[in-house]
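Numbers restart at 1 for each chain; the letters A, B, ... are given by sequence-line order, proteins then strands.
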2 protein chains.
Amino acid sequence: MHSFTEENYLKAIYKLQEANGLVVATSALAQVLEVHAPSVTDMLKRMAGKKLVTYQKSKGVKLTEKGRQVAVGIIRNHRLWEVFLVDKLGYKWDEVHDLAEQLEHIHSEDLTNKLDMFLGFPKADPHGDPIPDANGVLPKSKAVLLSTLKMGERGTFTGVTDHTPAFLNYLDKSGISLGNSIKVKAIEEFDQTYTIQLKDKKDTVISYKVANSLLVNKAEAA
Amino acid sequence: MHSFTEENYLKAIYKLQEANGLVVATSALAQVLEVHAPSVTDMLKRMAGKKLVTYQKSKGVKLTEKGRQVAVGIIRNHRLWEVFLVDKLGYKWDEVHDLAEQLEHIHSEDLTNKLDMFLGFPKADPHGDPIPDANGVLPKSKAVLLSTLKMGERGTFTGVTDHTPAFLNYLDKSGISLGNSIKVKAIEEFDQTYTIQLKDKKDTVISYKVANSLLVNKAEAA
DNA sequence: TTAATTAATTAGGTTAATCTAATTTATTTT
DNA sequence: AAAATAAATTAGATTAACCTAATTAATTAA
């Protein structure tokens with residue numbers, strides 16, 4: 001079995017690879033894992049020895065297929081436990097991340113699958129992030145940033161790109177919840193402030209920063 | 001926070017203290033933790049430094065109050081997770097131990113308490129072992145071994161002292177389940193084999209070994 | 001394209017948790 | 001009580017995961 005540390009490296013590499021391209025830099029890993037660069041170099045060598053990553057000196061790392069499987073498995077665990085915490089235990093969506101960081105390392109495929117069933121095979125976690133299936137397949141999402149919509153366009157709010165409690169709380173406070181349909185009423189040219197209309201609600205003004213952190217499934221043009 | 005290793009030592013010391021008396025021997029710990037004696041000596045010194053145990057060279061260890069609190073907290077976690085696994089995920093009582101050994105180390109009192117509530121504040125785990133409350137108080141049980149009952153006496157089966165899957169499976173196979181009322185119909189003098197009557201069932205013959213691994217709440221004499 | 005800057009690696013250490021082999025301390029047995 | 005046995009400790013190593021300081025490699029700027 002893999003250590004928690006290895007699993008955290010794998011997850012971090014996976015996420016950086018998704019976000020920024022093929023190869024991941026030592027410094028990027030050091031930053032997200034909150035360790036110093038030489039520790040990363042060290043660890044990557046060990047992980048390369050276990051065929052979890054391909055590592056080329058001073059060139060960065062990539063996951064091997066084996067590494068990707070492990071990484072996706074952990075993400076699956078994480079997101080399922082988040083659903084459990086919110087749906088079953090009554091946690092709020094901004095409270096579950098740290099607990100899920102612990103729970104994701106429980107080693108049992110069987111438990112994961114039983115949990116999945118218990119939760120009713122959810123397709124996304126409380127933040128709208130897709131849950132990989134038992135084979136490690138992630139549903140391809142067609143969601144786009146709200147900030148890419150033009151005047152008059154509509155969509156359904158399906159996820160966030162900023163997972164900080166601060167941002168999630170802001171959304172709660174503003175009455176913006178997953179599943180809401182949103183229409184762009186106006187975009188201020190000067191500072192790209194968005195005026196949006198939430199289903200059955202009066203218009204709300206959000207900053208570009210916010211619009212750029214919300215994922216929506218764009219409604220088909222009528 | 002304490003490491004998983006420390007927590008496992010604390011739990012082991014707690015259980016040995018309960019079972020065998022005040023002070024726990026290095027060798028006993030080495031055996032249950034499946035490590036070698038010098039590792040135990042080493043660890044005990046470090047734990048004594050953290051005031052989790054009182055350790056006297058060559059004299060054995062005891063938990064401090066602080067150590068006891070941590071140990072009982074872990075046992076609380078363990079047993080609550082076992083209830084979760086059986087009641088919510090559909091595991092059998094002989095399958096949950098190893099998973100609970102992992103889950104017990106999730107660090108969050110709040111999670112433990114929310115889980116407790118979600119499960120309906122169970123008083124015992126699937127094997128009948130009592131669950132400590134949020135203050136670390138364990139309900140005192142008056143259960144006795146079935147092997148201490150005399151001819152004609154009755155009781156309710158409330159727990160086991162042998163938690164091995166093999167034994168638990170044997171009980172399943174024999175139709176002996178937690179909560180069953182049991183009456184001693186006969187005790188064979190020669191080998192102490194018990195003939196017992198299960199509620200609504202025909203008589204069953206069990207060995208002394210089995211009778212000595214079953215806990216019952218003795219019925220008051222009418 | 002050389003110089004300056006930034007990123008990554010090597011070298012050498014630390015800590016927790018383990019090990020084996022050797023020694024010391026306790027407990028039994030004669 | 002001395003000898004034999006068993007239990008515990010010390011001594012010295014190992015491994016994973018981290019660190020700082022020094023060096024080398026890669027990138028960017030002049």
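For the pair B:Y14 and B:L138, the tightest heavy-atom approach, listed with the atom from each and the gap, is OH-CD1, 3.0 Å.
Considering only side-chain atoms of B:S27, the nucleotide from C:dA8, D:dA7, C:dT18 that sits closest is D:dA7. Across D:dC18, C:dT18, C:dA8, the shortest atom-to-atom separation from the side chain of A:T41 is found for C:dA8. Taking every side-chain heavy atom of A:S58 into account, D:dA26 is the closest of D:dA26, C:dA16, D:dC19. Among the nucleotides C:dA26, D:dA17, D:dA21, the one closest to the side chain of A:S3 is D:dA17. For A:P38, whose side chain is taken as the heavy atoms from C-beta onward, the closest listed nucleotide among D:dA25, D:dT9, D:dT20 is D:dT20.
Looking only at atom types and distance, the side chain of A:H105 has a donor-acceptor partner in the side chain of A:E7 under 3.5 Å away.
As a whole-Å value, the separation of B:H36 NE2 from C:dA17 P is 17 Å. In this entry the distance linking CG of B:D42 with C1' of D:dA13 reads 12 Å, nearest Å. A:F4 places its CZ atom 16 Å from the C1' atom of C:dA16, with the value rounded to the nearest Å. Residue A:K45 contributes atom NZ, which lies 7 Å from atom P of C:dT9 at whole-angstrom precision. Rounded to whole angstrom, the span from the NZ atom of B:K59 across to the P atom of D:dT9 amounts to 11 Å. Computed from coordinates, the A:E6 CD to D:dC18 C1' distance equals 14 Å when rounded to whole Å. Spacing between atom NZ of B:K57 and atom P of C:dT25 amounts to 7 Å, rounded to whole angstrom units. For the pair B:M43 CE and C:dC19 C1', the interatomic distance rounds to 15 Å; values are reported in whole Å.
At the phosphate of C:dA16, neither OP1 nor OP2 sits under 4.0 Å from any side-chain N or O atom of B:R46. Between D:dA16 and A:T5, no contact under 4.0 Å exists linking OP1 or OP2 to a side-chain N or O. Distances shown here put a side-chain N or O of A:Y9 below 4.0 Å from the OP1 or OP2 atom of D:dC18. Contact check, A:Y55 against C:dA8: no side-chain N or O comes under 4.0 Å of OP1 or OP2.
Ring planes of B:F157 and B:W93: perpendicular class, angle over 60° (limits at 30 and 60°).
Within 4.0 Å (heavy atoms only), A:S39 reaches at least one base atom of the nucleic acid.
A:Y170 places no side-chain N or O within donor-acceptor distance of the main-chain N or O of A:P165, the cut-off being under 3.5 Å.
Remark: D:dA30 base-pairs with C:dT1; criterion is Watson-Crick or G-U wobble with both hydrogen-bond distances under 3.5 Å.
When each of B:D129, B:D133, B:D125, B:D116 is checked for a salt bridge (charged side-chain N to carboxylate O under 4.0 Å, His left out) with B:R76, only B:D116 meets the rule.
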